[in-house]
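Numbers restart at 1 for each chain; the letters A, B, ... are given by sequence-line order, proteins then strands.
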There are 2 protein chains.
Amino acid sequence: MNELRSSPATAESVAADLERAIHEHRLPPGTKLGEDELGEVYGISRTTVRAALQSLAHHRLVELRRNRGAFVAQPTVREAREVFEARALLEPRTARSACQRMDADKLQTLQDHIDAEHAAIDAGDAGRAVYLSGQFHIEIARMADQATIEAIISELVARSSLIIALYWQRRAALCESHAHHALIDAFAAGKDDLAEDLMKSHLLDLVTSLDLRNRTSIPGSLREALSQ
Amino acid sequence: MNELRSSPATAESVAADLERAIHEHRLPPGTKLGEDELGEVYGISRTTVRAALQSLAHHRLVELRRNRGAFVAQPTVREAREVFEARALLEPRTARSACQRMDADKLQTLQDHIDAEHAAIDAGDAGRAVYLSGQFHIEIARMADQATIEAIISELVARSSLIIALYWQRRAALCESHAHHALIDAFAAGKDDLAEDLMKSHLLDLVTSLDLRNRTSIPGSLREALSQ
DNA sequence: GAGGACATTTTTGTATACAATACTGCCGAC
DNA sequence: GTCGGCAGTATTGTATACAAAAATGTCCTC
């Protein structure tokens with residue numbers, strides 16, 4: 001995406017670029033992220049690449065194996081459950097707070113998000129739709145005016161994106177935006193109790209839409225290659 | 001602490017060492033962490049030091065200012081409130097889960113923690129007492145068998161340690177261990193509702209024991225120097 | 001022909017050298 | 001006397017070079 005930017009890429013910009021690529025499933029779980037390769041792509045040295053990879057590793061988006069290199073993380077079934085457990089503790093109450101601080105501008109921002117989501121779905125860009133769907137949750141946390149919780153949710157949303165890439169069973173791609181619509185309605189009506197409940201059940205729906213049976217899709221990329 | 005270890009220090013060990021030093025308030029908020037200086041102390045190059053500092057920066061324990069260097073973080077009053085807001089969302093429910101999975105071994109582990117805490121207090125080592133007090137909370141999260149939530153709480157506890165260093169008003173140093181005792185009792189009795197409530201009020205007590213008035217102790221070290 | 005050991009190659013881990021940026025002290029002008 | 005600019009110094013940011021580890025491919029032995 002940024003191969004030919006004028007100023008040299010920084011560790012932060014590379015990390016952001018990679019994070020987005022992972023988010024949008026252009027870099028699927030298990031992908032090897034070679035340092036030389038990335039350095040060549042972005043026109044920077046391995047030093048800077050390593051800084052970016054370390055940053056992503058701290059967010060659990062890439063796994064760093066000693067003397068082996070960096071790989072796009074492959075959350076286990078257990079991790080998947082845990083991430084949504086954590087989100088279930090944080091997001092409903094955060095949605096309530098956001099509802100209490102809602103105003104016309106914020107409502108419009110959320111509406112724009114949903115519109116962009118729909119546009120991505122219509123364009124057949126599922127990866128981008130997932131990304132935007134996650135951003136919707138982060139935006140709500142931001143509106144709750146809790147920067148710390150927002151940062152935590154951002155991380156969990158990013159990991160959720162990986163989880164969706166691994167465990168999503170394509171049944172109804174549109175159920176999500178319906179839930180998001182309902183949330184906006186609750187926000188607009190100022191019904192904070194409802195917003196909290198909607199978020200709670202929305203997250204529950206998300207988990208149940210995943211295929212988290214204890215099959216062996218956990219470990220390395222070899223299993224995936226064998227199953228093809 | 002590790003100046004004369006046989007094998008060379010790794011980025012991880014340096015990060016752990018620094019984290020502990022920050023935890024125990026041996027490195028107070030605002031302390032400059034020069035790369036050359038640290039490299040000399042641990043007998044490693046700046047490359048490794050930088051990796052450790054970046055790791056700590058991701059956990060918000062140190063602040064990285066571009067072309068300025070690394071400093072032990074100085075959470076603002078706002079951040080302090082936010083950190084405890086997040087803990088209030090996560091820890092009570094986690095204490096409940098831990099209670100439901102409690103057994104004799106785990107109870108003993110928690111009791112040992114408290115004993116160590118008391119020993120540190122008796123020895124006048126307040127820094128270590130704060131560290132152990134934090135570990136108590138992390139241990140509970142671990143017992144809830146939620147690695148993801150445990151990691152989040154670990155980060156919040158570490159930041160809480162900085163907040164305590166900055167905003168703690170020394171009144172009753174022993175109120176904490178009393179709350180921890182009460183929690184153990186609830187665990188032993190298997191009263192998960194009580195455990196959840198106790199954790200909730202314990203966190204509330206912690207916040208109220210801080211001096212979070214909007215005084216100007218926020219920004220750089222200059223303000224602190226002026227007030228002395 | 002199969003298995004294991006060794007050498008090769010590739011890739012990461014670490015240190016060092018250079019460049020860029022910000023800070024400190026000095027000097028001159030107003 | 002104070003303010004503004006300028007040079008020197010120190011520290012971080014980045015790149016490159018070297019060392020170590022792991023993976024792979026080849027060859028020899030059984």
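Rounded to whole Å, the distance from CD on B/Gln54 to P on C/dG13 is 14 Å.
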Please set out all donor-acceptor pairs under 3.5 angstrom arising from side-chain atoms of residues 123-131 of chain A, sequence neighbours excluded.
residue  : atom : partner  : partner atom : Å
A/Asp125 : OD1  : A/Arg128 : N            : 3.2
A/Arg128 : NH1  : A/Glu24  : OE2          : 3.2

Which letter, B, S or -, goes with each nucleotide of nucleotides 10-18 of chain D from 5' to 3', with contact meaning a protein heavy atom under 4.0 Å?
-> -SBBBBBB-

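Ion pairing between a basic and an acidic side chain is recognised when a charged N comes within 4.0 Å of a carboxylate O; B/Arg26 and B/Asp17 show no such pairing. In this structure, A/Glu155 does not pair ionically with A/Arg60, as no charged nitrogen and carboxylate oxygen lie closer than 4.0 Å.
No option in B/Leu203, B/Leu210, B/Thr208 other than B/Leu203 meets the side-chain contact (heavy atoms from CB on, under 4.5 Å) test with B/Leu206.
Residues passing the salt bridge (charged side-chain N to carboxylate O under 4.0 Å, His left out) test with B/Glu79, sequence neighbours excluded: B/Arg159.
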